[in-house]
Amino acid sequence: MTTSHRVPAGLLTVLGQVVDLRKRRGVWHRLAAVLSIAIAATLARTRSFAALAEWAADARTMC
């Protein structure tokens, strides 16, 4: 008897399956990237869009 184990998909893989309903002319970044940054910033306890944007800018300079 064999046991099948499912390997969990990575975060970007799962977020890449989210349907992007944004209008094409205003899209600068892939939706999966935007969502992953928002998740990371939320885990870092940001509490507003402004704080999220600051966190993302700070994270970008650290990479």
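Hydrogens, waters and symmetry mates are skipped; everything else that's a heavy atom, side chains included, is used.
Within the model, atoms OG of Ser36 and NE2 of His29 stand 11.5 Å from one another, a figure rounded to the nearest 0.5 Å. Going from atom CG of Asp20 over to atom CG of Leu15 covers 12.0 Å, rounded to the nearest 0.5 Å.
A search for side chain to side chain donor-acceptor pair (under 3.5 Å) contacts involving Arg25 returns nothing, not counting sequence neighbours.
Under the 4.5 angstrom side-chain criterion for Ile, Leu, Val, Met, Phe, Trp and Tyr, the cluster partners of Ile37 are Trp55.
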Hey, can you pull the donor-acceptor pairs under 3.5 Å for the side chains in residues 45-52, sequence neighbours left out?
| from | atom 1 | to | atom 2 | distance (Å) |
| --- | --- | --- | --- | --- |
| Thr46 | OG1 | Ala41 | O | 3.0 |
| Ser48 | OG | Ala51 | N | 3.0 |

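Considering every non-hydrogen atom in both Ala32 and Gly16, the closest pair reads CB-N, 3.8 Å. Of all heavy-atom pairs between Arg30 and Arg22, the closest is C-NH2, 3.9 Å.
Taking hydrophobic clusters as Ile, Leu, Val, Met, Phe, Trp and Tyr residues chained together by side-chain heavy-atom distances below 4.5 Å, Leu11 does not share a cluster with Val34.
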